[in-house]
Amino acid sequence: MPTTPFPGPSRAHQQDPGPRASCLEGPRPDEVHVLLLGLDGLAAALAVRLLRCGVLGLNVNDSAPVTTGDLGTGAYRPADVGRPREAALRRRLRELDPRCAPVSAPELFPGALLPGTVVVHSLEHPAAPPAGRAVPGAEEPEAWPGIDPRHPLVSLHRAGGVLLRWPTVPWAHRPCPDCVRATLDGREPGPVPRGPDAVLAAWAAPAHAEAVAVRLAVEVLRVALDSLCDGRGRLLPAGERAGDRRAALFAPPWPEAVSRPRLDRSRCLCGLAQE
């Protein structure tokens, strides 16, 4: 019995319309490359979530030892305490997905001309000093040379039990410690947990960090996708990368309780290119 051959694509369809005909046809999570600078428990959990979403290009960097405070999110294990964070996280990522070959080498991270690149910078800011003393700056290694200044940056700042996610900006315009501290000090103080509320906040701290890591993973993927495709099927030119232009403040114990602090950009020029 004769069969009718399955109709192939039309001649018009065979014509190459460009590098990517549709945003739905091309971008894949394994095209995303993420450089993580600072690997506390939250940032390590973010790396694990990105891996589970299909991101294999992970460049993880933090030579500080794993502490007991890093264990709550499950990215590190008790046996990792005392080991360099980057070494422990590389091992964990390889165990979770053998296809992943994480490295700890910022100098090997591709430039911003490659779409799908995102930098995540996580910093711990010291507690505010007594009145009359200078505010110490966050401890930031100076070994981050050579990072393309055009890379989109998701910047995380922890201080006083809260997490401040700075607006997405190019790496060249990352916030300075003074502006971050001024923003944190200028926020409206919330109620101090007492009694059962304080106990709940302590108990739920690991769950809160995990929930925030999930949300941040989606944000990082969005930033990477914006650089791969503008939603209309065209690749975005370098430098036209989107992201959340508002800051977000996460305070335990409720992950959905997110406030939008007013940024203090008056300290220096790090507010350039911020809306």
Taking ILVMFWY side chains as joined if any heavy atoms are under 4.5 angstrom apart, and letting links pass through other members, which residues group with [X]?
X	answer
W203	V199
W254	L200
V103	none

Tell me, please, which residues at least two apart from [X] pass side-chain contact (heavy atoms from CB on, under 4.5 Å).
X	result
A64	D62, R85
A247	L164, P167, P261, L263
R94	R90, R91, P102

Measuring from atom CG of L184 to atom CG of L249, what distance do you get when rounded to the nearest 0.5 angstrom?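 So the gap between those two atoms works out to 7.0 Å.
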Drop me the distance from L114's CG to D148's CG, to the nearest 0.5 angstrom. 10.5 Å
Parallel, tilted or perpendicular for W166 and H157, by the 30°/60° rule? perpendicular
Would you mind listing every ring pair (Phe, Tyr, Trp, His ring centres under 6.0 Å) that reaches into residues 57-84, with sequence neighbours excluded?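 Sorted pair list comes back empty.
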Contact list for residues 80-111, test ring pair (Phe, Tyr, Trp, His ring centres under 6.0 Å), sequence neighbours left out: F109-H151
With sequence neighbours excluded, tell me which residues meet salt bridge (charged side-chain N to carboxylate O under 4.0 Å, His left out) with [X].
X	result
R262	none
R158	D40, E124
D197	none

If you draw a 6.0 Å radius around CZ in R260, do more than 12 non-hydrogen atoms from other residues or ligands fall strictly inside?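 It does: R260 CZ has more than 12 such atoms within range.
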Nearest heavy-atom neighbours spanning S104 and E86: OG-CB, 3.4 Å
Under a single-linkage definition using a 4.5 Å side-chain heavy-atom cutoff for Ile, Leu, Val, Met, Phe, Trp and Tyr, are V214 and L51 assigned to the same hydrophobic cluster?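 Cluster IDs for V214 and L51 differ.
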Linking I/L/V/M/F/W/Y whenever their side-chain heavy atoms sit closer than 4.5 Å, directly or via other members, would V258 and L216 fall into one cluster?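 V258 and L216: one cluster.
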Could you go step by step and tell me if V120 and V220 meet the side chain to side chain contact (heavy atoms under 4.5 Å, CB included) rule? CA-CA 8 Å; V120 177; V220 171; 3.9 Å; yes
L93 and L58, any side-chain heavy atoms less than 4.5 Å apart: yes
Take R83 and D80, measure what salt bridge (Lys or Arg N to Asp or Glu O under 4.0 Å) needs, and give me the verdict at the end. CA-CA 5 Å; R83 296 185 61 202; D80 293 327; 3.5 Å; yes
Does the S227 side chain pair with the main chain of G116, one donor and one acceptor, at a distance under 3.5 Å?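 Checking the backbone N and O of G116 against the side chain of S227, a donor-acceptor pair under 3.5 Å is found.
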Which pairs with one or both residues in residues 41-57 pass side chain to side chain donor-acceptor pair (under 3.5 Å), sequence neighbours excluded?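 Checked against side chain to side chain donor-acceptor pair (under 3.5 Å) - neighbours excluded - the pairs reaching residues 41-57 are R49-E210.
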Sole candidate of V118, V34, V32 that passes side chain to side chain contact (heavy atoms under 4.5 Å, CB included) when paired with L50: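 Among V118, V34, V32, the one meeting side chain to side chain contact (heavy atoms under 4.5 Å, CB included) with L50 is V34.
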